[in-house]
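Quick notes on the structure that follows.
Letters A, B, ... mirror the listed sequences (proteins, then strands); counts begin at 1.
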There are 2 protein chains.
Amino acid sequence: MRLTKQRKLILHILQHTVAHPTATEIYDEVRKKLPNISLGTVYRNLDVLSRQGYVRKIDTCGDQNRFDGVTDDHLHIICTSCGKVRDVEGEIDVCADNIANLASGFKVTGFRFEVLGACQDCQNTF
Amino acid sequence: MRLTKQRKLILHILQHTVAHPTATEIYDEVRKKLPNISLGTVYRNLDVLSRQGYVRKIDTCGDQNRFDGVTDDHLHIICTSCGKVRDVEGEIDVCADNIANLASGFKVTGFRFEVLGACQDCQNTF
DNA sequence: CTATCTGCAAAACATTTGCTGAGCA
DNA sequence: TGCTCAGCAAATGTTTTGCAGATAG
């Protein structure tokens, strides 16, 4: 994997924000320094970077995907109104040890656990 | 909410399958009996029916959404390779009582917990 | 040098929407 | 009869892709 200036900048942005931005938000941010970058390049790099484990893709509820520069295991809370994502502080126990036996035929590879809610902005607006 | 023949048929299909079909799969099935139905009508009805609580929308990982005629609380396992969804048999405890305190600013409204895995077909193919 | 990457533009894909006429209640 | 709904087609928004030229290693 080559370290082009486009790729480096996208990675840098993701590692220096807590905002879990969308591809287009990253695109807007990158263009401040590289005005000629194309949205396709952003998507291609986000794909490569998440495939290689440098960033993480967050599948929000039907909205645009979001991306996270922090790849450690941690929980997200997703605003079901605007799609904004925030890290959940502290720890949560998700006990689901017995799943392996319950899904015959399937090979269980992991879980997806997300907290849903309404962010401050959306609580005030509606 | 009116009970048109289109709406009744879509609901009937969802209540008599375990396949968790996508909108287009439902469309193909409905067309066997109502060949002139449009895909837009299927989407509009799935939206109305899930809004009214008659069916449930399943947000799979980045693929087409799927729909479930069973609205009782139960868990799904999603194949990360082909997007197929299956019900998880039995019970799983997800203990996450302490979340409310951990998401300051957000109003917690619920959780999303899904099991990820590889279905039989995809295990054999790859 | 050369394989990978970029920019551009078009395509792909799921989903939504505006409009007009049809049909449930 | 009135108001919701259907069919059709076009629009939307996100993401992917083909291609020809640029560039990292």
(request) If the plane angle is over 60° it's perpendicular, under 30° parallel, otherwise tilted; pick one for A:His20 and A:His76. (result)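 Answer is perpendicular, since the angle exceeds 60°.
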Would you give the length of the straight line joining atom [atom1] of [X] to atom [atom2] of [Y], rounded to the nearest 0.5 angstrom?
X	Y	atom1	atom2	answer
A:Thr24	A:Arg31	OG1	CZ	10.5 Å
B:Lys107	A:Cys119	NZ	SG	11.5 Å
B:Thr22	B:Asp28	OG1	CG	8.0 Å
A:Leu34	A:Glu29	CG	CD	11.5 Å

(request) Would you indicate whether the side-chain heavy atoms of B:Asp68 and B:His74 approach each other to under 4.5 Å? (result)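 SC-SC contact between B:His74 and B:Asp68 confirmed.
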(request) Sugar-phosphate means primed atoms, P, OP1 and OP2; the rest is base. With that split, encode nucleotides 15-25 of chain D 5' to 3' as B, S or - using protein heavy atoms under 4.0 Å. (result) BBBB----BBS
(request) Grab the two heavy atoms, one from B:Cys79 and one from B:Cys122, that are nearest each other, plus how far apart they are. (result)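 Heavy atoms only, the tightest pair is SG-SG, 3.8 Å.
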(message) With a strict under 4.0 Å distance from non-hydrogen atoms of chain B, what nucleotide opens and what nucleotide closes the contacted stretch of DNA chain C, reading 5' to 3'?
(response)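 Here the contact window of chain B covers C:dA14 to C:dA25.
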(request) Using whole Å, report how far CD1 of B:Ile10 lies from P of D:dC5. (result)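 Checked: the CD1 to P distance equals 12 Å.
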(message) Working note: A:Arg112 + B:Asp59, criterion side-chain contact (heavy atoms from CB on, under 4.5 Å); need CA distance, chi angles, decisive distance, verdict.
(response) CA-CA 12 Å; A:Arg112 193 166 64 162; B:Asp59 169 50; 4.3 Å; yes
